[in-house]
Enquirer: 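Here it is: the structure, laid out below.
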Amino acid sequence: MAEIFLGTQHGAEGFEKPVVLKRIHTALGADAQFRNMFIDEAHISMSLSHGNIVPVLDLGVANGRYFLVPGGWSTAGDLTGC
């Protein structure tokens, strides 16, 4: 449904922070219902605050594809066995 990327947020005075980007797969981006669900996910997540919910820091569009930036990612390693 989506692709996950590790990116860098750039700011003033050389500020850099690693961020995760979640982007809709190209094939699903053409589906208006799926796009709306993705946007709804971002809006709902932005409005909630709970230890078991990953917050969403940003929602955007680049080259016609929606993406969101979830917060609170971990560098703990492989979570496959969880």
Side-chain angles (χ1 to χ4, degrees):
M1 290 196 187
E3 302 168 296
I4 305 295
F5 299 94
L6 182 59
T8 304
Q9 177 186 0
H10 298 277
E13 303 298 326
F15 174 84
E16 290 187 347
K17 177 181 178 181
V19 295
V20 172
L21 296 172
K22 179 179 178 182
R23 182 175 71 178
I24 295 178
H25 275 292
T26 305
L28 295 172
D31 182 342
Q33 183 178 3
F34 187 83
R35 270 194 326 271
N36 290 336
M37 288 188 330
F38 190 82
I39 293 166
D40 287 345
E41 173 189 346
H43 283 277
I44 291 167
S45 296
M46 283 187 226
S47 67
L48 300 173
S49 178
H50 188 277
N52 293 333
I53 299 173
V54 176
V56 172
L57 305 177
D58 196 11
L59 171 67
V61 181
N63 299 323
R65 293 176 68 184
Y66 282 88
F67 68 89
L68 58 83
V69 180
W73 68 286
S74 173
T75 58
D78 188 1
L79 300 175
T80 315
C82 292

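The structure displayed is predicted, hence computed values, not measured ones. Atoms considered below: every heavy atom in the structure, side chains included; atoms not considered: hydrogens, waters and symmetry mates.
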Enquirer: Give the intermediate values and the outcome of side chain to side chain contact (heavy atoms under 4.5 Å, CB included) for residues Val69 and Leu21.
Expert: CA-CA 5 Å; Val69 180; Leu21 296 172; 3.4 Å; yes
Enquirer: Group every Ile, Leu, Val, Met, Phe, Trp and Tyr by side-chain heavy-atom contacts under 4.5 Å, then state whether Leu68 and Met37 land in the same group.
Expert: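 Same hydrophobic cluster.
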Enquirer: For Phe34 and Met1, what are the C-alpha separation, side-chain angles and deciding distance, and is it a side chain to side chain contact (heavy atoms under 4.5 Å, CB included)?
Expert: CA-CA 9 Å; Phe34 187 83; Met1 290 196 187; 3.7 Å; yes
Enquirer: Under the 3.5 angstrom rule, does the side chain of His50 hit a backbone N or O of Asn52 as a donor-acceptor pair?
Expert: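 Yes, the answer is positive, given that a donor and an acceptor are paired below the 3.5 Å cut-off.
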Enquirer: Please report the closest heavy-atom contact between Phe5 and Arg23, naming both atoms and the distance.
Expert: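 Minimum heavy-atom separation between Phe5 and Arg23: CZ-NH2, 3.3 Å.
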Enquirer: Tell me, yes or no, whether the heavy-atom count around Gln33 atom CD, taken from other residues, nucleotides or ligands under 6.0 Å, exceeds 12.
Expert: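 It does not: Gln33 CD has 12 such atoms or fewer within range.
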Enquirer: Compare every heavy atom of Tyr66 with every heavy atom of Arg35, then report the nearest pair and how far apart it is.
Expert: CD-CE1, 3.6 Å
Enquirer: For the pair Arg65 and Glu3, evaluate side chain to side chain contact (heavy atoms under 4.5 Å, CB included) and give the outcome as yes or no after the intermediate values.
Expert: CA-CA 11 Å; Arg65 293 176 68 184; Glu3 302 168 296; 2.8 Å; yes
Enquirer: Taking all atoms of both residues into account, what is the closest heavy-atom pair of Ile24 and Gly29, and its distance?
Expert: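 So the minimum-distance heavy-atom pair works out to CG2-N, 3.5 Å.
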Enquirer: Closest heavy-atom contact between Ala2 and His25?
Expert: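 Heavy-atom minimum between the residues: N-CD2, 3.2 Å.
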Enquirer: Give a yes or no on whether Asn36 atom CG has more than 12 heavy-atom contacts from other residues, nucleotides or ligands under 6.0 Å away.
Expert: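 Atom CG in Asn36 is crowded, with more than 12 foreign heavy atoms closer than 6.0 Å.
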Enquirer: Is there a path from Ile44 to Phe38 through hydrophobic residues (I, L, V, M, F, W, Y) whose side chains come within less than 4.5 Å of each other?
Expert: no
Enquirer: Taking all non-hydrogen atoms of both residues, which atom of Val61 and which atom of Phe67 are closest, and how far apart?
Expert: N-CE2, 3.5 Å
Enquirer: Could you grab the distance from atom CG of Leu48 to atom CE of Met46, nearest 0.5 Å is fine?
Expert: 11.5 Å
Enquirer: Could you report the tightest heavy-atom contact between Val56 and Ser45, atom names first, then the distance?
Expert: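 Nearest pair, atom of Val56 first, then Ser45: CG2-CB, 3.3 Å.
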Enquirer: So which of Val19, Ile4, Val20, Leu57 actually passes side-chain contact (heavy atoms from CB on, under 4.5 Å) with Pro70?
Expert: Val20
